[in-house]
Structures are given as C-alpha cells and as structure tokens.
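Written out below as structure tokens is the structure these notes cover.
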Amino acid sequence: MSDEVLSSSWCTAWQSYNTPRLWAMVADEDDPEAWRQVAAWGDISGSVQDQRALLVKAREDLVAAWPPEQNKSAAAFVQELDTLIGRMDAARADADETATGLANILEALRQAKNNIQPLYEQYKEKSGDLVPAWFDSAEDEIDEQARAHMITAEGIVQENVARLKVPEPYELNPEKPHFDQEPTRDDGRPSGVRGGPGATGSAGTGAGIGGAISVPHDPVPPMPGREPTIPDGVTGGPDPSRPGDGPTGGGPNGGGTGSVTPAGPSLAGVITPPGVPPVETLPPGSGPFPGGGGGGGPVTGGAGGPFPPGVVPPGQVGSGGPGRGATAASGGVGPGGAGRGGVRPVTGRALPSGAVIGETVAGGPRSAMGGVGGASGRGVAPGRSGVGGAGGVVGGGAGGVGSRAGAGGVGNVSGRPGAVTGRGGVAGQAGAARGAGQPRPPRPSWLPDEPANSGRGSAPMGASGGARGTRRAGDGSQPAFDPDNPWQVAEGVDPVIAPSTEEHTHDPGPNVIGWRG
Amino acid sequence: MGEPGINVETGGLNKFATDVHVDTDSVLAPATVRAQVQLSDGVRFGVKNASGAVHAAKERYARSLVASTENLKRYVDAAKLLAAAAQKVAAEFDASDSRAAKSTAQAEQALWAAAEEARKARVAADQAGIPATRGGRAAAV
C-alpha cells in the first residue's frame with residue numbers, strides 16, 4: 001500500500017524493564033503456529049502464481065478467439081482479465097514478502113528468547129545468593145545484557161514491519177457499456193462509476209478471516225515508578241489499551257491507576273505486581289495510635305499531609321499499588337520527630353544499584369511492599385531507624401502486611417503497648433505470618449511459570465522475601481527476636497525447663513564464717 | 001469475421017470459461033480455503049512484548065491477514081465471474097442467427113451484467129449475515 005508504514009507504535013523505555021520482565025515478554029515466543037503461518041504464506045504465494053500462470057494461458061486462447069483489437073467488448077473483457085492477472089502477480093510478491101517479514105520477526109523474537117533465557121537463569125541465581133545486589137550489581141549487569149538483546153530484536157522487527165504487506169482491496173468492477181440507460185445501484189449511486197478501492201463497500205467486506213482480527217496485546221508492565229515508553233517517542237504515548245498505563249502521575253486525586261513518577265531516588269529493582277489493588281486506606285488500626293516511645297504521632301498522612309488519618313494521599317498511589325500507598329501512610333512523622341516522613345519512592349532506601357534488599361528473583365515484587373514496612377518502622381520508632389529499615393528486608397514479599405503492621409504500631413501487634421515500636425523484625429513477622437496463613441494472591445499473568453518445587457513460593461509475591469522473613473522472624477508463630485529482651489517467650493507456653501521443687505540443703509562444713517549449721 | 005465488433009469464435013470463449021472454472025476450482029479456491037484455516041489463528045507473536053515495534057508489527061500483520069485473505073477470495077470470485085461472462089457472451093452469439101451489430105450489444109454487456117449479478121448476490125449474502133459466520137472476530141483487544 002502506498003500509506004506510510006508505522007514501524008513502531010511508540011518508543012519503548014527498555015530501562016524500565018529488568019530481566020525477569022524481559023524474559024516474561026519473550027518466554028512464549030517461537031510458537032509453532034506462528035511458523036506454520038510463514039509456511040501458509042508460502043503456500044499462498046505458490047497457489048497464486050499457479051493460478052496466474054493458468055490465467056495467462058487462458059487469456060492467450062481467449063484473445064485468439066475474441067480479438068480485443070477488433071471488438072470493444074473483448075477489449076473491455078481482456079482489460080479486466082489483465083487487471084486480475086496483474087493483481088495476482090502483486091499478490092504473489094506480497095505473500096512472499098510477508099512470509100519473509102514474518103519469518104524475520106519470529107526469528108528475531110526467538111533469538112531474543114534464546115539469549116535472554118540463560119540471563120534469566122543467571123538472574124535467579126544471583127538474586128538468590130548471599131551477595132546483595134547493591135554490593136555486586138550483578139543483576140544490573142544482567143539486566144543490561146537482556147535489554148541489549150531486546151533492543152536488537154526490536155530493531156530487526158522494526159526493519160521488517162514494512163515487509164508485512166497490506167494489499168489494497170481488489171474488486172472486479174467493470175464499467176457499464178455506454179449505450180445502456182444508466183441504472184442505479186442498490187445504494188443509489190450510478191452503477192457505472194468505477195469505485196476506488198473499497199468504494200462500493202459491497203464486495204466481501206467483513207469477510208475473509210474476519211472483518212477485524214484481534215491483536216493480542218498484554219504487555220508486561222514496567223517496574224514500578226517507571227514509564228513503559230519514552231515520552232518523546234514516535235507516538236509519545238503509552239498504550240492506552242492497558243489499564244494503569246495512563247498519563248504520568250495520578251495527580252492529587254488521580255486514584256490508583258496512574259503511574260507515579262517518583263520525585264526522589266528511583267527504586268529500580270522493585271517490582272510491584274500488576275493487579276494488586278491500590279491501597280488508599282489503611283486498616284483502622286493503622287490510624288493514630290497512642291504514643292509509645294515517642295512515636296505517638298499520627299502515622300498516616302505523611303509529613304503534614306492534608307489527608308485524614310488512615311488515608312493515603314491518592315496522588316501517591318500509582319500503578320505500583322499498595323506498596324507505595326502504605327508507605328506513604330506509614331511514613332508519617334511522629335511528634336517525636338524521629339520518624340522519617342514522606343513517600344517511599346522519595347525517601348525509600350534505594351540502594352546504589354537501584355535495587356532494594358529483599359527483592360525477589362522472579363520479577364516478582366521484591367519487598368515492593370516489604371520495604372514499606374521498613375519505612376514505617378522508621379517512622380514510628382524514634383531513634384531506631386536502622387531497625388525499622390530491617391522491616392523491609394524481613395518482610396520481603398509479604399511486606400505489604402508488614403508495612404501495615406509497622407504503620408499501626410508494632411507495640412499493638414506484639415501486645416506491648418509502649419514498648420519499642422517500629423521494629424522491622426516485627427513488621428517482617430507480620431508479613432511472614434500473613435504470607436504463611438493467608439491464601440496466596442494470584443500470580444501475575446506476565447510472570448513466567450514458577451518451578452514446581454521452588455521454595456520461594458511460600459510467601460506471596462516472592463520468594464526470597466518470604467524466605468528471609470521466615471529465617472529472621474521464624475514461621476510467624478513466635479515473636480521476633482528482640483535484642484532488648486533476648487529470653488522472651490511467648491505467653492501461655494509451658495516452660496521446658498522449670499526449677500526443681502525439691503528443697504536442697506547446703507552444708508559447707510565446719511568453721512565457715514557465718515554458718516550457723 | 002470482417003466487421004469489427006462481431007469477430008468471435010464462440011468455441012474459444014467457451015473453452016476459456018471452462019478452463020478458468022476448472023483451474024480456479026482446483027488451484028486458487030482450495031488454496032484460499034487452506035489459507036483461511038492456516039491463518040485463522042491470527043497474530044501469534046509478541047503478545048506480552050512491550051516493544052512499540054512489535055506492537056506496530058502485530059497491528060500491521062493483522063491488517064495484512066485480513067486484506068490478503070479477503071483479496072484471495074475476491075480473486076477466486078473475479079476469475080469465476082470472468083469465466084461466467086465469457087460463457088454468457090458465447091451464448092449470446094450462439095443464440096443470434098446473425099452476427100449483426102445489434103446482437104453484439106447484449107454481448108458487450110455480458111461482462112458488466114455478470115459483475116452486476118455477482119455484486120447483487122454478494123449484497124444479498126451480506127444482508128443475510130453470512131459474513132458474520134465466516135470467521136468474524138472480536139475487535140482488537
């Protein structure tokens with residue numbers, strides 16, 4: 001067709017995707033059905049070529065029997081026949097070109113899949129080892145390699161978009177002989193008018209494979225706080241068909257569907273799964289609570305925010321979902337002044353590598369919510385910010401709960417009002433408990449299948465987060481380790497070792513000063 | 001054979017009609033059916049890909065599928081229509097005792113008449129809702 005070929009719908013921001021997400025994009029490629037379509041286009045090309053050859057042969061016989069140079073009607077007839085032969089010739093070439101273009105696109109995506117798969121395996125190993133990502137930046141290097149493969153594949157695809165031929169509609173529409181009275185068509189137009197492509201709209205519209213064919217598009221979302229496209233791209237816009245892919249920023253009242261552009265350090269490694277409903281309000285218990293340890297100020301609302309207690313500023317809630325929302329609420333500044341207020345994307349502990357401790361491997365949210373717990377812990381416990389930060393680590397995948405626990409005052413959770421609050425361990429404990437006791441949330445559709453025997457699935461949305469939560473805080477049935485009370489036991493538990501009930505006598509012997517024997 | 005406009009070998013016209021009918025039924029028509037089946041799965045790549053280029057490729061490929069398979073059907077229809085028209089021209093000439101110019105008038109209209117006949121048949125089929133049963137799909141997701 002003569003129209004300009006749009007080789008890219010938008011400019012993709014590949015930096016917004018890490019290896020697990022990139023793997024999720026290509027994991028389903030190399031579909032045998034797609035390759036069969038390449039063969040089908042070849043079949044079409046061959047068949048059209050055969051038919052065209054037969055038509056050419058028939059035309060020669062026709063011209064011999066009905067010379068067009070001697071018959072006006074024959075000339076009109078042969079002209080239509082020549083048009084058909086010409087279109088079939090173009091159709092053959094188009095089918096060949098489309099087959100080639102499709103094959104190149106499929107091959108590019110297949111190569112990307114093959115190249116990213118080992119990187120994804122490496123990423124999983126690196127994320128599961130004991131070396132944190134911020135220390136060795138191993139995940140970042142893998143991400144860069146995976147992105148390079150995707151960019152390469154995208155370039156090849158872009159080059160081959162134009163090879164997918166979209167032929168103009170063909171219609172045999174002979175002119176009416178001039179000597180006849182001009183009748184009208186069913187639609188009232190003069191029938192002798194030769195319409196342009198598709199002008200009559202009557203021939204086969206809506207037929208074929210279908211009047212409209214579905215274009216499956218369910219892209220993997222970018223990392224939280226990241227945009228899927230580069231704003232000044234080809235079309236400059238994110239995909240409007242995607243929920244949550246709206247304009248940047250939700251605005252003060254933007255609700256939970258707009259993505260948030262963090263004003264502070266980015267959280268490159270944080271993954272928040274899609275489909276998690278944004279948290280706009282916290283549980284009742286997370287509202288203002290009695291001051292214990294000086295952190296008795298309102299937890300919610302952030303630093304002086306205009307929102308009532310228990311409400312997360314809507315503008316802070318983006319597509320990332322509850323992680324940021326809970327953080328925004330939990331990071332409130334207590335009167336004690338020791339808490340760190342603000343929204344997590346701004347004040348969160350983004351590591352040098354951009355990752356956050358506790359992030360999972362499988363593209364799942366590494367402490368997307370767990371980190372929130374840490375922030376809330378800090379916000380509540382004056383002077384114990386370091387401990388609070390651990391909440392994010394321990395909370396891991398289930399950190400959403402942890403963050404709420406932190407926000408609600410850990411003292412309440414542990415039954416020790418006024419005790420040290422904001423402990424990350426407790427926040428993590430709450431997260432772990434939730435992870436163990438509650439049904440697992442649905443796995444995001446874009447995530448690749450999880451290994452059946454993976455122990456990472458014990459906690460929702462992530463693996464290592466849950467594992468670490470378990471290691472640190474147990475299985476949720478015991479309180480977290482409290483360095484200020486190392487011999488603490490849970491209430492109601494019978495002691496394993498008890499003092500003897502026998503009365504012992506002590507006889508040091510004679511001549512002991514003070515011994516009265 | 002001397003007067004322009006009436007020089008025709010009706011046997012050649014009939015042969016053309018027969019050959020084109022047979023060829024189309026044996027080559028292009030079954031190929032069109034095969035193509036519709038083989039391509040009926042639609043776009044089978046890049047479902048989860050966030051790339052703008054992949055998205056553009058999917059959109060364009062979907063259009064290519066629809067337009068190409070539709071044209072295949074139209075080629076079949078056109079070939080058969082031309083064959084039918086040739087047959088009709090031959091019949092008109094055979095029915096005429098003399099190859100006078102007035103008898104060629106109807107013959108000259110044969111192609112147009114055949115096309116018009118086919119067009120009306122398509123309109124009737126469309127109004128009967130037949131296209132909806134020919135693989136119509138939901139709009140783009």
Side-chain angles (χ1 to χ4, degrees), chain A residues 6-12 24-25 31 33-34 37 40 44 47 50-51 54 58 61-62 65-67 70-71 73 77 81 84 88 98 105-106 109 154 157-158 161 164-167 170 172 174 176-177 186 202-204 206-220 228 446, chain B residues 4-5 7-9 12-13 16 19-20 23 27-28 31 35 38-39 41-45 47-67 69-71 73-75 78 81-82 107-109 111-112 115 119 122-123 131 134-141:
Chain A
L6 182 66
S7 62
S8 185
S9 299
W10 55 77
C11 192
T12 313
M25 289 185 195
D31 183 359
E33 289 299 324
Q37 289 190 3
I44 291 172
S47 299
D50 291 345
Q51 180 72 40
L54 292 170
D61 296 340
L62 176 73
W66 195 23
Q70 298 176 16
N71 302 275
S73 54
F77 192 97
L81 185 57
L84 176 60
M88 294 182 77
T98 301
I105 290 171
L106 296 178
L109 295 175
E154 185 181 46
V157 171
Q158 202 163 346
V161 171
L164 304 173
K165 297 298 181 183
V166 184
Y170 167 77
L172 178 63
K176 186 180 182 305
D186 295 345
S202 60
I209 281 184
I213 195 168
S214 63
V215 178
H217 186 59
D218 183 22
V220 174
W446 52 267
Chain B
N7 182 11
V8 59
E9 292 286 345
L13 283 173
F16 171 85
D19 288 349
V20 170
D23 295 343
V27 178
L28 194 56
Q38 291 169 328
L39 301 177
D41 286 336
V43 182
R44 302 284 298 190
F45 63 90
V47 175
K48 295 181 179 178
N49 206 309
S51 163
V54 173
H55 183 267
K58 289 190 294 184
E59 293 275 2
R60 188 167 171 84
Y61 185 59
R63 290 169 54 207
S64 176
L65 284 173
V66 174
T69 53
E70 177 58 33
N71 269 358
K73 289 166 42 99
R74 293 186 182 191
Y75 297 148
L81 190 149
L82 287 173
E108 287 183 352
Q109 296 183 66
L111 180 59
W112 176 85
R119 189 191 67 81
R122 284 196 301 265
V123 169
R134 288 188 289 186
R137 287 189 172 199
V141 176

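Chain identifiers are assigned alphabetically (A, B, ...) following the order of the sequence lines, protein sequences preceding nucleic acid strands; residue numbering begins at 1 within each chain. Just so we're clear, the structure is a prediction, and the values are computed from it rather than from any experiment.
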Q: Flag the pair A:Phe77 / B:Leu13 as yes when at least one side-chain heavy-atom distance between them is below 4.5 Å, and no otherwise.
A: no

Q. Among A:Leu106, A:Leu164, A:Leu109, which residue forms the greatest number of heavy-atom pairs with chain B at distances under 4.5 Å?
A. A:Leu164

Q) Side chains of A:Val215 and B:Tyr61: does their closest heavy-atom pair fall under 4.5 Å? A) no

**Q.** Separation between CE of A:Met25 and OG of B:Ser51, rounded to the nearest 0.5 Å
**A.** 8.5 Å

Q.
Rounded at 0.5 Å granularity, tell me how far OG1 in B:Thr69 sits from CD1 in A:Ile213.
A. 7.5 Å

Q) Where do A:Ser214 and B:Val43 come nearest, in terms of heavy atoms and distance? A) O-CG2, 4.1 Å

Q | Contact origin within B:Asp23 toward chain A - heavy atom pairs under 4.5 Å | A | both

**Q.** Which atoms of A:Ile44 approach chain B - backbone, side chain, both or neither, heavy atom under 4.5 Å
**A.** side chain

Q) Which heavy-atom pair separates B:Ala67 from A:Pro167 by the least distance, and what is that distance? A) CB-O, 3.5 Å

Q.
For the interface with chain B, which of A:Asp50, A:Leu84, A:Asp61 has the highest count of heavy-atom pairs at distances below 4.5 Å?
A. A:Leu84

Q | Pairwise side-chain contact, B:Phe45 with A:Asp31, heavy-atom cut-off 4.5 Å (strictly under) | A | no

(Q) Please classify the contact between A:Leu81 and chain B as side chain, backbone, both or neither, with a heavy-atom cut-off of under 4.5 Å. (A) both

Q: For A:Ser47 and B:Val27, indicate whether the former's side chain and the latter's backbone hold a donor-acceptor pair under 3.5 Å.
A: no

Q. What pair of heavy atoms forms the shortest contact from B:Ala57 to A:Val157, and how long is it?
A. CB-CG1, 3.8 Å

Q: If the plane angle is over 60° it's perpendicular, under 30° parallel, otherwise tilted; pick one for A:His217 and B:His55.
A: perpendicular

**Q.** Exam field: side chain A:Gln37 to backbone B:Gly42, donor-acceptor pair closer than 3.5 Å
**A.** yes

Q) Donor-acceptor pair, A:Gln51 side chain versus B:Leu28 backbone, under 3.5 Å? A) yes

Q) Which bit of A:Thr98 comes within less than 4.5 Å of chain B, counting heavy atoms only: side chain, backbone, both or neither? A) side chain

Q.
Testing the basics here: between A:Ser8 and B:Gly52, what is the closest heavy-atom pair and its distance to 0.1 Å?
A. OG-C, 3.2 Å

Q. If you tally heavy-atom pairs under 4.5 Å against chain A, which of B:Asp19, B:Asn71, B:Leu81 wins?
A. B:Asn71

**Q.** Close side-chain approach of B:Arg74 to A:Leu172, heavy-atom, < 4.5 Å
**A.** no

Q) Can you name the closest pair of heavy atoms from B:Lys48 and A:Ala24 and give their distance? A) CD-O, 3.6 Å

Q: Indicate yes or no for a side-chain donor-acceptor contact from B:Arg44 to the backbone of A:Glu33 under 3.5 Å, with no hydrogens or angles considered.
A: no

